[in-house]
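Chain letters run A, B, ... following the sequence lines, proteins first and then strands; every chain starts at 1.
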2 protein chains.
Amino acid sequence: MRKPTFLAVLLWICISMNSIANDGYKLWLDYQPIEESQLKSEVESLLGGVYFFGENPTFEAIKNELDLASKSMLGKAPIYSKERLQNTKLWIGTRDQLSQVLSLDQQAEIKALGEDGYWRGTVELDGKSFYAIVGNQPVGTLYGVYNWINSIQSNTFDKGTEISDSPKIKIRMLNHWDNLDRTVERGYAGFSIWDWHRLPGYIDPRYIDYARANASIGINAVSLTNVNANALILTTDFMKKVKALADVFRPYGIKVFLTARFSAPIQLEGLKTADPLDPEVQAFWKKKTDEIYSFIPDFGGFLVKANSEGQPGPHEYGRNHAEGANMLADALALHGGVLIWRAFVYSHEDEVDRHMQANNEFEPLDGKFKDNVIIQIKNGAIDFQPREPFHPLYGAINETNVGMEFQITQEYLGQATNLVYLAPMWEEVLKSKTYKPSANSTVGSILEGKETGQKMTLIAGVSNIGTDRNWTGHLFAQSNWFAFGKMAWNPEVTSEEIAEEWTKLTFGQDSEVVSKVGEILLESHETAVDYMTPLGLHHIMGRSHHYGPGPWVMGGRADWTAPYYHQADSLGIGFDRTADGSGALTQYAPEIVEKWSDPNQIPEKFLLWFHHLPWDYQLKDGNTLWEGIAYHYDRGVKEVRQMQQTWASLESKIDPEEFDHVRQLLEVQEQEAEWWRNACLLYFQTFSKRPFPADIEQPEGDLEYYKSLRFPNAPGI
Amino acid sequence: MRKPTFLAVLLWICISMNSIANDGYKLWLDYQPIEESQLKSEVESLLGGVYFFGENPTFEAIKNELDLASKSMLGKAPIYSKERLQNTKLWIGTRDQLSQVLSLDQQAEIKALGEDGYWRGTVELDGKSFYAIVGNQPVGTLYGVYNWINSIQSNTFDKGTEISDSPKIKIRMLNHWDNLDRTVERGYAGFSIWDWHRLPGYIDPRYIDYARANASIGINAVSLTNVNANALILTTDFMKKVKALADVFRPYGIKVFLTARFSAPIQLEGLKTADPLDPEVQAFWKKKTDEIYSFIPDFGGFLVKANSEGQPGPHEYGRNHAEGANMLADALALHGGVLIWRAFVYSHEDEVDRHMQANNEFEPLDGKFKDNVIIQIKNGAIDFQPREPFHPLYGAINETNVGMEFQITQEYLGQATNLVYLAPMWEEVLKSKTYKPSANSTVGSILEGKETGQKMTLIAGVSNIGTDRNWTGHLFAQSNWFAFGKMAWNPEVTSEEIAEEWTKLTFGQDSEVVSKVGEILLESHETAVDYMTPLGLHHIMGRSHHYGPGPWVMGGRADWTAPYYHQADSLGIGFDRTADGSGALTQYAPEIVEKWSDPNQIPEKFLLWFHHLPWDYQLKDGNTLWEGIAYHYDRGVKEVRQMQQTWASLESKIDPEEFDHVRQLLEVQEQEAEWWRNACLLYFQTFSKRPFPADIEQPEGDLEYYKSLRFPNAPGI
């Protein structure tokens with residue numbers, strides 16, 4: 001009777017543990033048992049004899065992952081073999097290590113994949129067949145292993161098919177806007193996961209899960225601290241803390257970057273200046289950089305926001321961005337470090353349309369930046385609005401390394417209460433034709449270095465990660481972290497592909513779930529644009545916290561108000577950025593200028609971004625502009641209700657805790673969508689003086705009430 | 001083959017889930033499978049037929065708990081019976097509901113237990129025997145159920161033994177010092193678990209687990225917000241959020257309190273005054289209170305810090321504490337609410353020893369407070385120091401309701417990096433003889449109302465709960481939350497009993513684990529006192545954040561410096577509070593004054609609290625005072641190392657994640673203990689001018705270095 005009892009006990013625990021609801025902590029790495037029997041026996045066979053070619057910390061990370069995956073997928077640990085041939089089925093190593101068994105062609109093919117590439121497939125030796133996962137470097141092998149586990153989990157693993165892949169972008173980076181007091185600027189998922197006070201003595205296990213999650217989607221760099229930087233991070237005390245994190249991340253192929261406050265020489269060393277041409281300043285940065293590398297030999301470099309929104313920079317000393325960036329780049333170059341300089345600059349002293357200022361500042365400097373400098377440009381020229389046309393700097397500077405800054409955290413896109421899948425928005429930007437430097441250039445091809453031969457490529461994303469148990473506040477916001485990694489690895493992948501992959505890894509293979517969650521994901525961005533800023537409207541959100549609508553926001557500098565952007569008046573609405581207006585449109589290629597200057601040719605989604613048009617202007621569907629605005633807002637609300645219904649129909653197929661989490665938030669989203677619609681339409685009606693179309697849900701409430709709403713202590717500020 | 005496959009799949013999951021390390025989230029409610037077969041079959045039988053007498057939200061909470069417990073302990077859900085007799089084994093109800101089957105004696109016995117009491121035991125009906133869990137109210141039944149599960153988990157359940165219990169204290173309350181921006185004053189476990197921004201729309205499942213944990217240890221009240229209060233919490237917007245939490249807590253018998261900022265009438269309503277005798281002010285509070293009760297009919301009341309550390313209060317208007325408290329109490333009385341007024345008051349304008357100020361202010365007001373006012377008095381007169389003599393207000397006011405304020409969060413006791421079990425410290429206070437109002441009075445007997453007949457009794461504890469996954473930052477800090485609940489329920493329970501219970505519920509029944517963890521727990525407080533503030537030293541910690549040693553802290557108001565308290569000079573050390581000194585000692589009963597005025601009679605643990613003595617003063621063990629101080633500091637460090645060794649010896653018996661978590665923190669604690677020892681001894685040596693005893697580890701390092709340490713953004717400020 002001994003065995004049954006033991007089994008029974010295990011079963012109880014088992015059922016009990018299963019009864020624990022899913023809190024989302026495991027992200028897309030929540031490995032499930034393999035149900036398909038052939039697949040299971042194949043995987044069982046491979047994991048029954050795993051041989052590692054040599055030892056290194058990354059291979060330890062792979063072992064850890066195989067342990068976790070195997071126990072979850074098969075209910076048992078892998079068996080590691082000490083001998084390459086005996087009892088061995090799965091080989092894990094690098095190209096060099098496997099050179100004896102790979103054909104010259106295979107070796108060449110793998111080598112061509114570059115340092116992060118991997119290959120997996122079957123190899124033969126002494127008449128025996130082995131499955132091999134091979135990278136050029138251990139980290140490539142790690143990527144290959146994640147890809148392999150992923151293929152098992154999504155039921156697509158086929159031993160007979162050779163798979164190889166390599167990233168199209170070299171630096172795939174998360175930008176944390178985490179402050180040293182653990183608040184997170186534009187963070188909506190709790191607080192910073194970096195527990196600075198208890199570092200370096202206490203290593204939170206979460207740091208390892210963070211590294212696993214990033215590595216599994218190819219992210220290989222992380223800037224730990226807010227671009228509105230605190231010089232304290234550069235003190236020796238903090239360096240020890242940063243080193244502890246770098247040590248955790250290194251086996252996962254993740255390099256650490258820090259944000260450098262331009263005035264640090266003054267704050268930390270008491271210098272009288274931070275002038276980049278001052279020898280003492282240069283010496284400060286050289287010494288500081290040397291010190292960092294003494295702790296972290298593979299330190300990635302600095303990310304700098306300078307002369308923007310009050311941050312210090314070279315302009316204080318009559319120097320330009322290139323002089324500022326190059327000084328720091330020189331200090332880093334000795335160690336192979338990279339200096340990332342943000343193009344998000346605009347000045348309250350500059351009356352020029354904010355849309356134009358980055359181009360005005362950076363175009364004249366093209367070619368003047370050092371080789372290890374990358375200019376990090378946001379996807380659009382304003383600031384992560386629900387929808388923006390691509391930034392005109394793409395294609396405008398071609399003798400300078402450029403990189404992308406996407407925002408994963410949903411600052412203007414519903415924060416952590418709205419379900420908005422951002423990949424379609426990013427895809428729209430990446431596929432945008434710039435017509436510069438060549439006729440077929442796109443933002444994506446520029447980023448990949450195809451246009452200029454740029455080697456040091458970068459896609460960065462402002463993190464949406466915090467201390468919330470599910471990491472991202474909204475369970476569905478995990479899809480944005482996931483999609484960011486996938487798109488940074490390959491800017492040519494589609495948002496549909498990513499949506500399907502994420503859904504399967506998160507909710508399982510059920511075809512109804514995959515299809516309905518896919519629908520929700522893929523329509524969510526357009527929905528949010530509809531109920532927030534349709535037809536090219538932008539920057540009409542609540543002041544400071546950016547939560548909810550605020551088309552009435554006035555006061556302070558003009559370009560922090562809403563009317564600066566929507567320009568609503570008795571005649572019409574929209575920001576004239578044509579040559580007759582601010583002229584921002586003229587910063588784009590002539591092909592674009594020509595088409596977009598014509599309200600009838602510009603895609604309607606950008607209409608009011610570039611044109612001020614009368615309320616009765618006729619849209620393509622025959623409605624007036626006023627009616628069109630109203631229909632868009634109304635449709636946004638209705639689409640949210642549709643999402644609610646779709647989600648409700650999946651109740652029986654989704655873990656109860658996850659289901660209820662999303663259900664609650666969709667209810668909040670419905671209320672917020674109504675709030676946006678009501679507030680914006682009631683406000684714009686005070687200019688249009690026109691009735692709402694009869695067939696929309698009539699905006700209710702009192703404009704004064706909406707204007708009176710305050711959100712003290714809203715998160716993310 | 002179907003069944004085995006199914007079993008196998010379950011087993012895999014099972015093993016996999018077990019391989020997931022324990023992150024401590026489940027606290028002492030981490031129900032384990034029952035191993036003992038007789039116990040198991042008994043519990044299985046009872047949970048196989050559970051009958052509830054009627055329905056109410058608390059019974060739903062009980063069902064939820066039985067579901068969780070049964071699945072974890074037995075691997076299956078309970079079976080709920082719809083019929084009282086058929087297939088029924090376990091009865092759950094109230095005394096009234098079970099009156100038919102309880103003898104008159106039993107009914108009287110249960111009734112005498114009061115509204116929170118419970119009884120469990122076997123009853124007979126129609127020749128059948130049933131096990132019954134019975135409260136006077138549903139919440140008593142809930143307590144009985146938790147007690148029953150606890151007895152199963154600790155292997156002490158015996159169906160034949162009748163068990164009954166009831167709390168000795170009426171209000172058992174957590175005080176959260178949580179700010180509305182989610183920072184927590186003196187919080188070291190992350191941030192506030194109250195996600196105000198997403199309330200009321202989003203109910204975090206954690207709120208329910210919080211309520212379960214509290215109810216399971218008898219906590220029945222919670223003040224949600226910092227005593228350094230923000231009037232915003234009293235706005236209608238926030239009331240809706242508070243209501244959402246109150247709705248979650250209600251089934252668990254937990255009432256919500258809020259902190260009321262005394263100046264709220266000015267801040268919220270624009271009144272010109274907050275004078276408690278002003279009719280408009282009174283009307284404001286009445287209206288505000290009525291509004292709160294319209295949302296939360298069982299609202300507990302207000303907790304107020306007034307005229308202390310800069311908080312507004314009645315003194316601004318020439319009114320005293322009683323006038324301030326009574327005005328608020330009147331507004332609450334209409335609804336049965338309670339007004340808790342803190343006795344932690346001291347003024348920077350008052351030159352009198354801070355130790356004396358509370359007595360000076362409150363003794364003259366004794367008897368002047370309304371019946372629904374409770375004066376909440378800290379355990380000691382200074383401020384939650386590592387060790388304090390009991391507060392002289394205990395026993396000094398006897399015509400006023402008094403309640404205890406303990407601190408669970410370890411502000412001065414190592415915060416979240418030191419393992420310090422606080423129950424022995426609380427026990428020491430509760431058992432302290434006050435000799436007032438009667439010869440046998442103790443702090444505990446006063447709190448229980450035994451001395452004055454006080455009905456509205458209160459023990460409050462400043463919470464150590466935050467967003468950290470394990471709730472309390474340090475896994476062992478869970479023992480302090482647990483112990484607080486147990487001691488608030490029964491101030492006569494010993495810290496040993498609680499330690500054993502917590503250890504078993506947290507780490508299991510293994511006798512070596514229970515005994516060694518018990519050792520660690522029970523010696524930890526004395527250890528911390530040794531390496532922080534031995535022999536009655538106090539208030540020598542770092543300024544503001546209170547992290548680490550700061551005996552040199554100077555500047556600003558005198559009673560915020562360290563030398564004010566240690567008075568070290570070339571002659572000696574200690575604060576003379578005898579009649580010859582500040583006179584604070586004279587506030588105690590004559591029996592105490594007499595004994596403690598004599599350095600040879602006062603317990604040495606309080607020596608320097610009340611006496612300034614020469615460095616060569618001879619201690620009871622023959623050492624000089626200087627040597628004794630040095631030996632205590634040194635012993636503290638050595639005891640931490642002993643804790644490390646004891647913990648290391650348990651590695652094979654503790655969950656690996658939990659083991660490593662504590663191991664890391666004990667390393668940090670060792671470093672911090674050394675830091676305290678080195679910094680304090682080097683500092684005091686500048687006065688004593690004496691060598692360290694040769695047989696201690698010689699304090700190393702440079703005093704200037706220790707003084708230079710800064711901790712920007714240390715948590716909890």
Do you know which of B/His474, B/His661, B/Gln664 makes side-chain hydrogen bond (donor to acceptor under 3.5 Å, both in side chains) with A/Tyr202?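 Single side-chain hydrogen bond (donor to acceptor under 3.5 Å, both in side chains) partner of A/Tyr202 among B/His474, B/His661, B/Gln664: B/His661.
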If you measure from [atom1] on [X] to [atom2] on [Y], what distance do you get to the nearest 0.5 Å?
| X | Y | atom1 | atom2 | value |
| --- | --- | --- | --- | --- |
| B/Asp181 | A/Thr183 | CG | OG1 | 9.5 Å |
| B/Phe191 | A/Thr467 | CZ | OG1 | 7.0 Å |
| A/Arg469 | B/Arg206 | CZ | CZ | 9.0 Å |

Chain B heavy atoms under 4.5 Å from [X]: which part of the residue, side chain, backbone, both or neither?
| X | result |
| --- | --- |
| A/Ala416 | both |
| A/Leu180 | both |
| A/Asp468 | side chain |
| A/Tyr25 | neither |

Can you tell which part of B/Tyr547 gets under 4.5 Å to a heavy atom of chain A, answering side chain, backbone, both or neither?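 The answer is the side chain of B/Tyr547.
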Give a yes or no on whether A/Glu35 atom CD has more than 12 heavy-atom contacts from other residues, nucleotides or ligands under 6.0 Å away.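 Counting other residues, nucleotides and ligands, CD of A/Glu35 stays at 12 neighbours or fewer.
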Among the options A/Asp195, A/Asn179, A/Ile203, pick out the one with the most heavy-atom pairs lying under 4.5 Å from chain B.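 Ranked by heavy-atom pairs under 4.5 Å with chain B, first place is A/Ile203.
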Is B/Asp237 close to A/Arg710 at the side-chain level, that is, under 4.5 Å between some pair of heavy atoms?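 Side-chain contact under 4.5 Å: no.
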Does any non-hydrogen side-chain atom of A/Arg198 lie less than 4.5 Å from one of B/Leu665?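 Yes, close enough: below the 4.5 Å cut-off.
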